[in-house]
Every structure is written in structure tokens, then in C-alpha cells.
Novice: 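Quick one: this structure, given as C-alpha cells, is what I'll be asking you about.
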2 protein chains.
Amino acid sequence: MNASDTQQRHELKVDLVAVVAAVIDGDPRALTIRRGSALPAGPFELGHRSLQAGLRDWVEQQTGHPLGYIEQLYTFADRDRIAEEHARRAISISYLGLTRDEWSASQPPRDWQSWYGYFPWEDHRAGAPSIIADAILPHLKAWTEEAGGTAREERRQRIAIAFGVDDRPWNEELVLQRYELLYEAALVEEALRGRGEEHTPPVPGRPMIADHRRILATGIARLRTKIKYRPVVFELMPPVFTLLQLQRAVEALAGRLVHKQNFRRLIEQQELVEETGETTFETGGRPAKLFRFRPAVLMERTAAGTKLSVTRA
Amino acid sequence: MNASDTQQRHELKVDLVAVVAAVIDGDPRALTIRRGSALPAGPFELGHRSLQAGLRDWVEQQTGHPLGYIEQLYTFADRDRIAEEHARRAISISYLGLTRDEWSASQPPRDWQSWYGYFPWEDHRAGAPSIIADAILPHLKAWTEEAGGTAREERRQRIAIAFGVDDRPWNEELVLQRYELLYEAALVEEALRGRGEEHTPPVPGRPMIADHRRILATGIARLRTKIKYRPVVFELMPPVFTLLQLQRAVEALAGRLVHKQNFRRLIEQQELVEETGETTFETGGRPAKLFRFRPAVLMERTAAGTKLSVTRA
DNA sequence: CAACTTATACTCAGTCGTAGCATAAGGAGA
DNA sequence: TCTCCTTATGCTACGACTGAGTATAAGTTG
């Protein structure tokens, strides 16, 4: 009805937004601009050969970083979320990119920000962060009380699943669901904007412009899901590495520790890597064998079914 | 470079395209318009509250079918693929919708077309279709020969993975990869358009306008992947059903048969369904118990991790 | 040399996927 | 009515994989 009656211009602004991930100094990071307040982004223009090409252009232009592997994430267009930023309505097509931070001294340093500055509740490598029990759950509980009838039970249920309440396991993949819950409960800064209540949000975690933090959450969730069944960690690792370094990278992304022995067994039985024949003494204790990814794996990554399940520590 | 130099209008046409799936008479089908030649679609307009709302409007307007569950699929913008259809460049945001075909006699009949009319090579319920060995693989083999050097080996590899050559298993999820291979090898009608070579394509399978068949492939692939870890079949089933009916629906979607006993065990141990207490005699042999989905499952479907693995027959 | 760190090998129980055997309960035709 | 066919449903066995623990090897540091 409204679609056909309303005769308006059918043209819209289309933005490309990039979540570019790398593991640096044992931390999972995202490439940002404006001192961490935004993701690299720019409009899709007629000069771009494709969406991907446009995205690469913008990222390289804004950060100086060339992109390797990228994949599409999601297309957003919620009027509510963007209304305050742009008078006009816009569509954001988001992508996930994976790289290493291969900076040369001649390049300006890039603005890599740790994921967990934006999502402090997502890093469970040293156990569940205390802010979950101290700040998040109490506020969410209060939020369930606000609702009545079936809505209250539904909220309780969503919270229990997302944050692993009452003996439910923590599921590291539900990054977006958790952020959305906090947004709906108005516990993050983005939810308070333009409401005249610009007070400090009750839950720590750095905000971003527009819905960039939501897009970042989408990218993290996708990556956490994907490492389990596709060999994508490769894109984030240097050409040669030890198994523990690989494990630390996976742990950084997943935000949880894994069982070392089982991790190695998994890696080796999947035939993802091969020994280079050399060892490194830089790791502290007994020298570790160095590995590289098997070329066949790099080729098959499009379709091969590889599982790199994040087993518990 | 090109992005910043080219000062062009930053507005684009944005189309919404729907893959709406249902299982009717044991066949997986898609809701189409124009006698099966196109998917329901229309431009995203300023009057639409959201992308999803816009999509619902268009589908209902064009087919009379209201949509229940929908999820976003992918956003396409390849200039090559759409060039012939629209002079102007357009972006297509595609969605997957799941429904039952609850037609009332007063409504006009909807245009439900079987998936396998468009992708005859995807239905392995009665074994691998003969066209794979008879038509597809020979043509693809010829196509590998056209390439030289590493490209040839890469093509061979992709074909082997996608179609399950040399003892590799058939992977029903690779619907899109298979279609893309056939497209690249110019074995489907869409690839021949506007090239002046409008001859009959070498591989059977009904074409669609623009890149709608590619979008349909994307939707089928997504659904085949998703039934394995999320309880989405529900959306496609009537409120009450026998376990064999549920199995047949899964088989129709996956395009392959499953082991009956294991399927039942899986379903029951996941506690997805509960008995209604009644039985039906309409199935031929021994009367079958009737089941319904447990209400809790319908609620949790957003986040619950349910596996409905398609075990072999 | 002792204490500590990291690497790596091996074991074991529980779960899950695959597959086969067996029985129950209806209908159709001899 | 009896037999055969069809579908439904229960149960068992086995191998692969997962989660978690034990033990040993080979370095560095004080």
C-alpha cells in the first residue's frame, strides 16, 4: 500500500562499511578511523567496478591498508538508527576483511583498536568478565521487570541464552544478540542518542558513530562462527608460526581459551598445516616447531569443509 | 582514486528480491511471478519502514502471499550481470522467506515453481541425476581444457569439490558454487545473454530474468545449510504432522535421502517435537503418531543451537 | 642444579553419526 | 482368513570424534 502510493524518488545513498580484523600482540583488533570512533566507510559510487572494489578503495584511501580476503556481512537500513546522523536515509552494506598488520616503517601507523574496548563483556579468556555479573545482568534484570506479561518472560529467555545464565553455556558467537539486547535495554551510549538523555551509559564499552558498533559486532560474530568450519585464520597469521601462536590467535578471536593438546590434535588431523622443518627458540621453554599452511588448503578455502572447533580449555 | 575523482551522483536504485520457499506435494518450491521467470521483487522506497517491511509489501502485492519468517541473504551489485536489463546500475538486496502454502479458495492460485526445474542437477533424492555425468561434467571438463597453467588445475579442483568428483562426497550446500561454475563456463542461458550467441544452453535448467536464478541458488544454499543447525523447518510444516512427513520435507530441501531411524532419534532427542496423542491412518501402513513442534522451540529459534543433521540414507 | 616454561605424546571415557536387525500395526489381494 | 506389502517404531553395535587428564621432553632463568 504505502509502497505504491508514495511516489518518491527511488534513489538512495549506499554506503560501504568495512570491519577489518587482525590479531596484533595477542589482541583481536579492528581497523578504525577518527581515533577509534568509526569504521572505514564511504559511499558506493558509479565509478566503482563492484561493491567489493568500492570497499577496497575506501579502506585503502582512509587507512592506507590494502585488503586481502573480504566477504559480505549484512546490509542495514534501519531508519531509527541512522536518523540522527544523516538527514537522508542511507543503506549500509558491510563487509568483513581479514589481514595481517604488515606495516612498513615508511607507512603511517594504522589505527588498530582492540575489539574488547568496544565489547568488554566479550573477552572470556581470563574467565567471565566481572562487569557481566556486576553491571550488565542487574541492569538487564531491571529491564525485564519493566515489561509485563509474555514480554517479560521472553526478555528473560533472550538474556539467559545470550549471556549464559542458569547453567547455560557461554556461547561466544552471540556477539550481535548481546549488543542488541544492551541496545534495546538502553544500556549502551548509542541507544541514548537524540533522546535528550545524554548521560553516561550504565554499561562500559566504547561507542562508535551511527551504527558502526553494531556492524562491528556483526563482523565479530561472523568471524567467530566462521573459524569453526572454514580455514580463515590463515589470513590473520604470518606465513610461518608455531602451533601455540595459532592457538593464541584463535583464542583471541573466540574470546575463550582452548585445550592445548586437543587443539593440536585437531589441527594436525585436519592436515591444515605442515612443518617447515625449523624450530624457534623465541617462545621461552622448549623450542617449538614452525609450521606453515598447506598450499592445498589455501586453494580449497572457498569450498572445503574444515572444522576448527573451539574446544574448551 | 577513481572513487574520489569521479564526482557523480551518489544515489542508486535499490531493489528488494525475495526467495520464498515452501514444500508442496513433497517438492521444494519457490514463489515466482511472470510464470516462473522471475522472483517477487520491487524497489526499496522511502515510504517503507524498513528493508524487511518493503520486501513484505512487494511480495504481498505481487503474489498475494503474506510472509512470515524472513532473513537477509545477500546484496548484489555486479554491473555485468544486470547491465542488459537496466540501463542504470542497481543494487539487489535479497531475502529468504519460509512459509506454508495456505491458500484459501477465494485467493488466486500462487505461482509456486519447483526448485529443481531451475536446478535439475540439485535433486539427488533418487540418486545423482544423470545429467551430471552425461552433460555437465563433460562440458566442464572441456572448459578446464580451455584454460592453461595453474588456472586449469584450479578449475579442476573447484569442479571436483562442487560436484563431488573422484570419491569426494556430494555436498548439497554448494548450490551457489555449482551455479557459478556453470555460469562461468557459459553452460547456462544467463551467461550467453547479450553476447550475440543466443543458442540453447548446453545444460538443462530453466533460466530467470537478470540474476534471479543466482539469487534463488543463494537462497537454496542458505536454507540447506541452515536446517542443519537451526530449527527452521518448522516454518514450512503444517501445525501437525508425522515424523515421516517431516523427514520428507527435510529431504526435499536437502535434495538427498536420510536414514529414517536415525532421523527420528535425532528429532526426539533434540526435544523439538511432542506427540499430539493422535494418530493418522492416511499414510498407508501402520498408523503414524502425530506430532507438533514444542512451543519452547518456536520461542528459542533465534538463538538456540539445534542440529538437524542430514544423515545419509 | 632447581624451578619454571613451553612442547608434545598418549590414554580414556563419553557422545555422536552411521548402519543394520527386529518387531508392531495397519491395508490389499489371494 | 491368511499372506504379503507398507509404514512405523524400538534397539543394538561400532567407529569416529570430543573433552579432559596424565606423562614426558627440551629448552630458559636464577
Side-chain angles (χ1 to χ4, degrees), chain A residues 26 124-125 167 169-172 227-229 240-251 254 256-292 305-313, chain B residues 26 124 167 169-173 227-229 240-251 254 256-292 305-313:
Chain A
H124 287 231
R125 283 175 294 177
D167 80 358
W170 171 261
N171 183 343
E172 75 277 358
I227 44 171
K228 293 186 185 165
Y229 68 99
V240 160
F241 49 86
T242 71
L243 291 186
L244 186 58
Q245 285 166 355
L246 181 63
Q247 182 184 339
R248 293 286 177 242
V250 169
E251 289 175 338
R256 66 179 349 178
L257 299 178
V258 310
H259 185 110
K260 189 194 274 193
Q261 293 91 327
N262 292 344
F263 180 80
R264 310 170 128 271
R265 181 178 58 187
L266 210 61
I267 297 293
E268 293 185 329
Q269 83 188 15
Q270 306 260 157
E271 302 189 305
L272 296 182
V273 298
E274 60 190 13
E275 302 185 12
T276 66
E278 314 200 328
T279 55
T280 176
F281 293 74
E282 298 168 10
T283 49
R286 170 174 168 178
K289 288 183 191 160
L290 287 172
F291 291 82
R292 74 170 75 87
T306 308
K307 40 189 165 170
L308 219 178
S309 109
V310 180
T311 64
R312 307 238 180 88
Chain B
H124 288 231
D167 80 0
W170 170 260
N171 183 344
E172 74 277 359
E173 296 179 19
I227 44 170
K228 293 185 184 167
Y229 67 99
V240 160
F241 48 87
T242 72
L243 290 187
L244 186 58
Q245 284 166 357
L246 181 63
Q247 181 183 341
R248 293 285 177 243
V250 169
E251 289 175 336
R256 65 178 352 177
L257 300 178
V258 309
H259 184 110
K260 188 193 276 194
Q261 293 91 327
N262 293 342
F263 180 81
R264 311 170 128 270
R265 181 182 58 187
L266 210 61
I267 297 294
E268 293 184 331
Q269 83 188 18
Q270 305 260 158
E271 300 189 307
L272 297 182
V273 297
E274 60 190 15
E275 301 184 12
T276 66
E278 312 198 328
T279 55
T280 177
F281 293 75
E282 297 168 11
T283 48
R286 171 174 167 178
K289 288 183 190 161
L290 286 171
F291 290 82
R292 74 170 74 89
T306 310
K307 36 190 168 170
L308 219 177
S309 110
V310 179
T311 63
R312 309 238 179 87

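Chain naming here is simple, since letters A, B, ... match the order of the sequence lines and numbering starts at 1 in each.
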Novice: Consider the side chain of B:Pro287, meaning its heavy atoms from C-beta on, and name the nucleotide among C:dA25, D:dG10, D:dG27 that approaches it most closely.
Specialist: C:dA25
Novice: Do B:Lys260 and B:Gln247 touch side chain to side chain, with heavy atoms closer than 4.5 Å?
Specialist: yes
Novice: Measuring only between side-chain heavy atoms, which start at C-beta, is A:Leu290 closer than 4.5 Å to A:Thr242?
Specialist: yes
Novice: Between B:Arg264 (CZ) and D:dG10 (P), how many Å, whole number?
Specialist: 7 Å
Novice: List the steps, then state whether side chain to side chain contact (heavy atoms under 4.5 Å, CB included) holds for B:Lys289 with B:Leu243.
Specialist: CA-CA 8 Å; B:Lys289 288 183 190 161; B:Leu243 290 187; over 6 Å; no
Novice: Quick one, A:Val250 and A:Phe263 - any side-chain contact, counting heavy atoms below 4.5 Å?
Specialist: yes
Novice: Name the closest nucleotide to the A:Asn262 side chain, picking from D:dA26, C:dA19, D:dG19.
Specialist: D:dG19
Novice: Distance-only, no hydrogens or angles: does the A:Glu251 side chain make a donor-acceptor pair with backbone N or O of A:Arg125 under 3.5 Å?
Specialist: no
Novice: From D:dT12, C:dG20, C:dT8, pick the nucleotide closest to the side chain of B:Arg265?
Specialist: D:dT12
Novice: Expressed as a whole number of angstroms, how long is the span from B:Leu246:CG to D:dT7:C1'?
Specialist: 16 Å
Novice: With respect to the phosphate group of C:dT8, does any side-chain polar atom (N or O) of A:Lys260 fall under 4.0 Å of OP1 or OP2?
Specialist: no
Novice: Side-chain contact test, heavy atoms from C-beta onward, threshold under 4.5 Å: evaluate it for B:Phe241 versus B:Arg248 and give yes or no.
Specialist: no
Novice: Once you round it to whole Å, what is the distance between C1' of D:dT7 and NZ of B:Lys289?
Specialist: 14 Å
Novice: Rounded to whole angstroms, how far apart are CD on B:Glu268 and P on C:dG17?
Specialist: 15 Å
Novice: Report the nucleotide, chosen from C:dA24, D:dG21, D:dT28, that has the shortest atom-to-atom distance to any side-chain atom of B:Arg286.
Specialist: C:dA24
Novice: Nearest whole angstrom, please: distance from the P of C:dG17 to the NZ of B:Lys228.
Specialist: 12 Å
Novice: Provide, to the nearest angstrom, the distance between the OH atom belonging to B:Tyr229 and the C1' atom belonging to C:dG17.
Specialist: 20 Å
Novice: Return the angle between end axes of the helix from C:dC1-D:dG30 to C:dA30-D:dT1, with five pairs used per end and rounding to 10°.
Specialist: 10°
Novice: Nearest of D:dT28, D:dC11, C:dT6 to any side-chain atom of A:Phe281?
Specialist: D:dT28
Novice: Between the base of D:dT22 and the side chain of A:Gln261, is one N or O donor paired with an acceptor at under 3.5 angstrom?
Specialist: yes
Novice: How would you label the contact of A:Leu243 with the nucleic acid (heavy atoms, under 4.0 Å): base, sugar-phosphate, or nothing?
Specialist: nothing
Novice: Starting at NE2 of B:His259 and ending at C1' of D:dA13, how long is that distance when rounded to a whole Å?
Specialist: 13 Å
Novice: Roughly, in whole Å, what's the span from CG in B:Leu266 to P in C:dG17?
Specialist: 6 Å
Novice: Is it true that atom CD of A:Glu278 has more than 12 heavy atoms of other residues, nucleotides or ligands lying nearer than 6.0 Å?
Specialist: no
